[in-house]
Asker: 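Here it is: the structure, laid out below.
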Amino acid sequence: MVKKADTSLNLIASVLITVVAIGLILALAPRIIKSDKMYCSTAYRLRSSIWADKRDQLCDEKNDFEVTTIEKKPVVLNKLSTNEIEKSIFFDNNMNTIHLSVPKNAEIKNAGLSLSLSNLKLTEFNDEQDTALSEQVINFDRGGSHYTITFSIPREAIVTNAKLRLSGKDIPGKTDMVFVLDNSASMVDEWSSLCSGLLYISTQTKGITDLNVTAYVLVDPDFPKDTDYRGSCIVSSEMAGIIDKVQKLYPENLSYFFRQNPDAPPFIKLELSSDIVPTHDYYPEAWGLGIYWLIVSGEHYWRPNSKIIIVPISDSDPTGGGCNPNDCDNNPPGDSIFSGNEQLVIDGILDNINEMEFIFPVYGNLEQNDKEQTEGYMVGLPLDECMAYSRCSKVIGWMEELAQASNSKVFSYKDTRSLTDAIGFAINSSYPEDVVITLNGDEMFSFPGELNSTNSPVIVEFEEMLNEALSSCATDVCTFELNFGSMSEGSLLVDRFFVDYVVEADDVSMGIDAIDSSLGEIQESQIVEWNFTEQLTEYLRSCATEICIVPVIIDASDYIGALKVQRIDIEYEKYLVAETLLQHILSCWEKSERGSSTKGIMCEEFVLPSSVSIIEPITEQRIETLLKERNLCGLLGTGNGCGSDSIDFERPLQSQKNILIEYDGKQKKVVVS
């Protein structure tokens, strides 16, 4: 039997040992890992009962902070791995695969998607040169012409929409423009401006109309044939490719034809006595003779169905007449200053001109203020002043006769811009008239009268007619011809062409990683549902990564068309560990007043159930990725391009079941351990 004294001593010793143990625990408390709750849950309670007046800030905070167990959260996935909500898949006798991104630990409740036919859109056609185009300018020749474009779609197509847009343009299909150039000294400005004007017009009309330009230069017979003429810019390298050819036109060019043609009008020098045709006619200015030769001689080649434009540029009369030697001294203001054969030349042109030719005369500008020193016959004065002088008005009158007879107009040269405008005006034509479009020979559209800028563009719809034409097609791919015709020259802009269609699918099958489900036929406006809950659950079991890229295979044998994957709906539950951790980190950061507090704060601990496994470690980089995805780097970051370094992981999280989040006031960081 133990004595009472011994018992008392043993009891006292036990108490002392306990007190010492508690003291050691209390002394070591700051060194204990903060996630270990033993100290605060046991020793601190004993200490509080012994020293009731002593408090421990660490345990006070730890007793205040929340401990939660992470829970599963429902998630709905409605996108492909490419973040597309729906996707059109094109088939050409082949299988296709789409991919879904699903977490390995997802507990699938339901998985389904829908399939329907997808629209195919044809937006290009082929022209007569078999070039693929989205728009086309169609030029019609003088007297009208036709132009064909083609396109192809599968025979099994069902057309849901088919349109094109037509706009009338006042541009000829092709143009032959010929200049007859006065080579006298007073026309230097006009020569230079003509080069600038042609360069500009060539740029503006490129790809719109087929423009062929020729220049004939009237040359003085008293000079050798190789004499340089005043328009040297015409033959410069800069003009190469714009002017088809430049020719010098000598009197013998003119007279040769007239000698051979017994029907020529009686105004040629070789056929008349010198007293009727004065010897002072000056050929470098004889624009009338040049026009006559172009129209009648047959020596200039005019392309078939071209718009023919003749542009004489001069400040003289049609035969290049000058002052009659008998009258030069007196310089009378009347008609006696002319040679007298000018009207004969004009009449000869009028007798041979036809509706296919246009004459746009251009006369020179006023070079000096002294009216007596203006260009020939005072031509170049403002028109109202010119009309006050009979010799000026006479020249303009001859030009007007030719212009009116060919539905043209006379232009006065004032500067480069005015000459450019004249050339541009001459090239323009009427708008196309009586436009007709046929589809494989059957009339699809007609527009009576002129299709101009007021009543165009016109939208032409041909969905119904195209479906009807498909029903009689005998080949797998059907080619259609759209033929455009007009009764006059002009142009059409064909654009905004498109054909929308679908192709029905007969035998559609699907599966994950391998085909295992048949969906059968998919028709127009039909939506077919596929549930793959079991297949997806099975696939996730064999997946070895945290995020599983699930291959969904779609097979449509012997199908040329397109299907649309839509209404993706995958419902699952998952422990969102990284996402939940980010929420707790943000909450702790807010408690620290976004890092402004200097005191340490025990924020929160959450517990992972034993069934939760973290496949890939959760690191600062993982949290940084989530911050970037949510555009939160401006609030909290990890450095490395995402805010300031305000998060500290003691180690990557993978096997831990208790995760503690606290704020370190000295480092001003949220610590995860």
Asker: Look at the side chain of N352 and the backbone N and O of G348, then say whether any donor-acceptor pair between them is shorter than 3.5 Å.
Answerer: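 Yes, the answer is positive, given that a donor and an acceptor are paired below the 3.5 Å cut-off.
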Asker: What residues, two or more places apart in sequence or in another chain, satisfy side-chain hydrogen bond (donor to acceptor under 3.5 Å, both in side chains) together with K121?
Answerer: D500
Asker: Name the residue from F151, F498, F497, Y147 that meets the ring pair (Phe, Tyr, Trp, His ring centres under 6.0 Å) definition with F125.
Answerer: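 Going through the options one by one, the only one that passes is F497.
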Asker: Hey, are the side chains of E401 and Q343 touching, using non-hydrogen atoms and a 4.5 Å cut-off?
Answerer: yes
Asker: Are the side chain of S408 and the backbone of I359 linked by a donor-acceptor contact shorter than 3.5 Å?
Answerer: yes
Asker: Does atom CE of M487 have more than 12 heavy-atom neighbours, drawn from other residues, nucleotides or ligands, at distances under 6.0 Å?
Answerer: no
Asker: Take V137 and K169, measure what side chain to side chain contact (heavy atoms under 4.5 Å, CB included) needs, and give me the verdict at the end.
Answerer: CA-CA 9 Å; V137 175; K169 303 292 182 182; 5.7 Å; no
Asker: For S88 and S118, work out which heavy atoms get closest and say how close.
Answerer: OG-OG, 2.6 Å
Asker: Is the closest side-chain heavy-atom distance between S306 and N212 below 4.5 Å?
Answerer: no
Asker: At their closest point, which heavy atom of Q566 faces which heavy atom of S116, and how far apart are they?
Answerer: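 Here Q566 and S116 meet closest at NE2-OG, 3.1 Å.
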Asker: Are the side chains of L470 and F480 in contact, using a 4.5 Å heavy-atom criterion?
Answerer: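 When only atoms from C-beta onward are counted, L470 and F480 do touch, with a gap below 4.5 Å.
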Asker: Can you see which heavy atom on V503 is nearest to which on I560, and at what distance?
Answerer: CG1-O, 3.4 Å
Asker: Show the numbers, then the answer: is there a side chain to side chain contact (heavy atoms under 4.5 Å, CB included) between Y431 and L451?
Answerer: CA-CA 6 Å; Y431 287 91; L451 187 63; 5.8 Å; no
Asker: Knowing that exactly one of L482, N483, T438 qualifies, which makes a side chain to side chain contact (heavy atoms under 4.5 Å, CB included) with M444?
Answerer: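 For M444, the side chain to side chain contact (heavy atoms under 4.5 Å, CB included) check succeeds only for L482.
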Asker: Determine which pairs satisfy side-chain hydrogen bond (donor to acceptor under 3.5 Å, both in side chains) with at least one residue from residues 459-481, sequence neighbours left out, and list them in order.
Answerer: S152-T479, R155-D476
Asker: Return the CG to CZ distance between D176 and R303, rounded to the nearest 0.5 Å.
Answerer: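 Reported to 0.5 Å precision, the distance equals 4.5 Å.
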Asker: Under the rule for side-chain contact (heavy atoms from CB on, under 4.5 Å), what residues qualify as partners of A474, not counting sequence neighbours?
Answerer: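 Testing A474 for side-chain contact (heavy atoms from CB on, under 4.5 Å), a comparison that skips the adjacent residues, returns none.
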